[in-house]
Amino acid sequence: MKSDLERLIADTLASLPADLIPQPVDRSWISVERTRDAQHGDFASNIALRLAKAAGRKPRELAEAIVAALLPHAAVLRAEVAGAGFINFFIAADAQSEALRQALTQGATYGESRSGAGQRVILEFVSANPTGPLHVGHGRQAAWGATLANLLRATGHAVHREYYINDAGRQVDILTASVWVRYLQQCGEAIAFPDNGYRGDYVQDIGARLKGAHGASLQRPASEVLAGLPPDAPAGGDREKYVDALIERMRALLGAGYDTVLELSLADMLTDIRADLAEFGVEFEQWYSERSLSGSGAIERALAQLEAQGNLYRKDGATWFRASAFGDDEDRVLTRANGQHTYFAPDLAYHYDKRQRGFEKLIDVWGADHHGYIPRMRGGITALGEPGDSLEVCLIQFVSLFRGAEKIPMGKRDGQFVTLRQLRGEVGNDACRLFYLMRSHDQHLDFDLELAKSRNNENPVYYIQYAHARVCSVMKQLQSRALPYDDATGLAQLPRLDLPAEQAVLTAISRYPEVVEQAARNRTPHALVHYLRDLANAFHSWYNAAPFIVEDTALRNARLTLALGVQQVVRNGLTLLGVSAPETM
RNA sequence: GCGCCCGUAGCUCAGGUGGAUAGAGCACCGGCCUUCUAAGCCGGUGGUCGCAGGUUCGACUCCUGCCGGGCGCGCCA
């Protein structure tokens with residue numbers, strides 16, 4: 001409807017004399033938006049205000065001329081000038097109910113569009129290190145990324161969801177050493193846990209599984225393990241140096257056994273993460289291993305290309321990328337003096353690989369603390385000959401947990417963080433996903449566990465679900481009274497829906513495709529949550545204002561048709577959010 | 001010090017590429033169940049949109065400078 005009206009205005013403007021309107025009018029100047037107030041009609045355009053200066057006339061005068069010359073359109077009941085020079089459009093009732101017709105005939109696909117058709121998007125999200133269970137911050141990224149993927153699909157994009165597994169590098173070695181120390185402790189060895197190790201209980205669990213699978217075959221005397229190691233932090237030493245030395249010692253003592261510990265630890269963590277996300281309704285087309293990049297030579301190829309272009313240089317024994325020549329604040333190390341790659345090297349090769357796989361748009365969902373990493377990655381992609389704007393990074397702000405007014409401390413150092421699994425277990429998947437998605441991604445999120453758990457009217461989750469359940473309940477009631485519902489009659493009788501509350505519901509239903517479109521385009525899943533609340537509100541108001549199951553067969557069918565339309569749209573919207581639409585509550 | 005994000009009602013937050021009297025939930029006050037689920041509805045109280053300038057016919061929205069909060073500035077990831 002919006003684009004119909006914009007076209008109508010464009011055609012009308014073109015028909016006006018050039019001495020009134022400077023021709024041609026830039027199409028992007030013409031925009032139609034929903035009105036806030038029903039008194040202002042259904043849609044409004046500010047075109048007269050925008051053209052006033054160029055035309056050298058008063059906005060209202062221009063608006064009058066445009067309205068007078070307005071070409072006829074079946075959906076437009078009337079247009080009038082208001083305020084400073086707005087043109088308000090009143091839509092014919094028949095056109096208003098067209099959206100409801102579509103909602104019912106299209107069913108689960110109502111709201112979908114083709115605006116992103118042909119665009120191949122790879123959406124990388126979560127990609128948490130497999131060195132510990134997912135925490136509540138990852139949960140927000142998971143819910144947000146999954147919903148953005150749904151929105152992009154709904155608007156025609158070809159979306160590939162991917163999780164990048166950081167299964168190479170030092171963090172994995174530290175996990176391996178942590179597991180081994182726990183295992184040795186469980187074997188009875190007197191060995192202190194490294195200060196820089198992963199302290200969570202899950203490490204104990206993996207150590208126990210290691211013991212179960214390999215018995216004492218990986219056990220070494222504490223004296224051999226510790227002999228000659230530098231002091232750890234508690235003894236006045238350096239925790240980084242100590243853990244690195246411990247890893248080296250472990251390699252020396254275990255040989256191939258090192259990889260046994262590493263593989264088991266990694267597999268355990270990934271199994272846990274995959275299951276956690278799957279239970280949360282978050283799926284990926286592909287889990288992409290960082291290690292596979294070195295195996296395939298992709299990192300070396302990317303480095304060679306940068307080298308050939310003169311964008312690499314050596315300094316202090318390390319290999320640097322001239323990031324400062326591509327918009328970053330300073331140059332960045334790709335290969336350390338010890339010969340090992342930094343995190344950046346494989347990650348850049350990975351993003352280059354995404355382009356090589358044919359994706360036009362690379363959307364990354366990152367925690368807000370990684371914002372400083374963006375210029376580096378974009379610079380690297382640009383240097384490799386790919387368009388810098390093919391990379392789009394969505395930063396997700398942090399989550400704070402509250403129990404009522406009390407903030408829950410999240411100490412990362414001692415592994416005392418709340419896991420996503422704990423959160424889901426306490427508040428449930430539905431509340432969890434909706435609460436995660438209620439706020440804008442660039443807004444810090446205060447997540448109140450008490451509120452999310454509450455089964456009363458304070459909890460916004462139920463408000464939306466209740467609208468769906470209410471319609472189901474009405475249909476059941478109809479059945480129990482042995483009354484038929486006839487959709488053909490209902491659709492034919494839609495003009496009977498003339499109550500203000502009914503018009504409000506019709507309008508809300510017709511807005512849905514626009515909301516999906518906009519939420520996808522602006523990367524604002526939270527807009528869909530707010531819309532669904534509005535739709536539920538319009539429905540609940542109507543429900544209280546008029547009975548649906550009435551004697552008048554024509555009116556009854558018309559009302560039930562509208563109610564079923566609400567049910568369909570609520571279900572479609574909740575599905576995009578990954579929230580269930582229960583039939584009873 | 002530099003960079004990114006945020007600052008809107010008592011609390012938590014919405015406010016299309018600038019547009020009409022700044023909205024919602026919760027909290028608070030007052031109404032509505034012999035009728036389809038009251039997890040609901042209706043009405044009311046509540047605002048210098050952090051502060052100060054600037055651009056504009058018009059600024060919560062754009063620009064500059066401050067103030068306050070969060071995050072980041074590794075040969076960590």
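Keep in mind that this is a model prediction, so the values were computed, not measured. Letters go in sequence order (proteins before strands), and every chain restarts at 1.
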Item checked: Residues forming a side-chain contact (heavy atoms from CB on, under 4.5 Å) with A/E248, sequence neighbours excluded -> A/R251

Item checked: Non-neighbouring partners of A/S473 that pass side-chain contact (heavy atoms from CB on, under 4.5 Å), sequence neighbours left out -> none

Notebook entry, point to check: Does any pair with a residue in residues 324-335 of chain A pass side chain to side chain donor-acceptor pair (under 3.5 Å), and if so which ones, sequence neighbours excluded?
Noted result: A/Y313-A/D331, A/S324-A/D331, A/D328-A/R332, A/T335-A/H341

Margin query: A/N129: which residues meet the side-chain contact (heavy atoms from CB on, under 4.5 Å) condition with it, sequence neighbours left out?
Written below: A/T131, A/N166, A/Q171

Margin query: Within the 4.0 Å limit for protein heavy atoms, which parts of nucleotides 71-77 of chain B are touched? Write it as a string from 5' to 3', B for base, S for sugar-phosphate only, - for none.
Written below: BSS-BSB

Next item on the list: Can you run down the ring-ring contact (aromatic ring centres under 6.0 Å, His included) pairs that involve residues 514-536 of chain A, sequence neighbours left out, and say none if there aren't any?
Entry: A/Y512-A/Y531, A/H526-A/H530

Next item on the list: Check ring-ring contact (aromatic ring centres under 6.0 Å, His included) between A/Y288 and all other residues, then give those that pass, not counting sequence neighbours.
Entry: A/Y350

Margin query: How would you summarise protein contacts on nucleotides 14-21 of chain B per nucleotide, using B for base, S for sugar-phosphate only and - for none, with heavy-atom distances below 4.0 Å?
Written below: SSBB-BBB

Note to self: Can you give me the dot-bracket string for RNA chain B, 5' to 3', counting Watson-Crick and G-U wobble pairs with both distances under 3.5 Å, using [ ] for crossing pairs and | for partners on another strand?
What the structure shows: (((((((..((((.....[...)))).(((((.......))))).....(((((..]....))))))))))))....

Note to self: At 4.0 Å (heavy atoms only), tell me whether A/K476 reaches a base, stays on the sugar-phosphate, or touches nothing.
What the structure shows: nothing

Checklist line | Residues in side chain to side chain donor-acceptor pair (under 3.5 Å) contact with A/Q477, at least two apart in sequence or another chain | finding: A/R481

Notebook entry, point to check: With sequence neighbours left out, which residue pairs that include part of residues 535-554 of chain A fulfil the salt bridge (charged side-chain N to carboxylate O under 4.0 Å, His left out) condition?
Noted result: A/R496-A/D552

Next item on the list: Indicate for each nucleotide in nucleotides 27-40 of chain B, in 5' to 3' sequence, whether protein heavy atoms under 4.0 Å reach the base (B), only the sugar-phosphate (S), or nothing (-).
Entry: S--------BBSBB

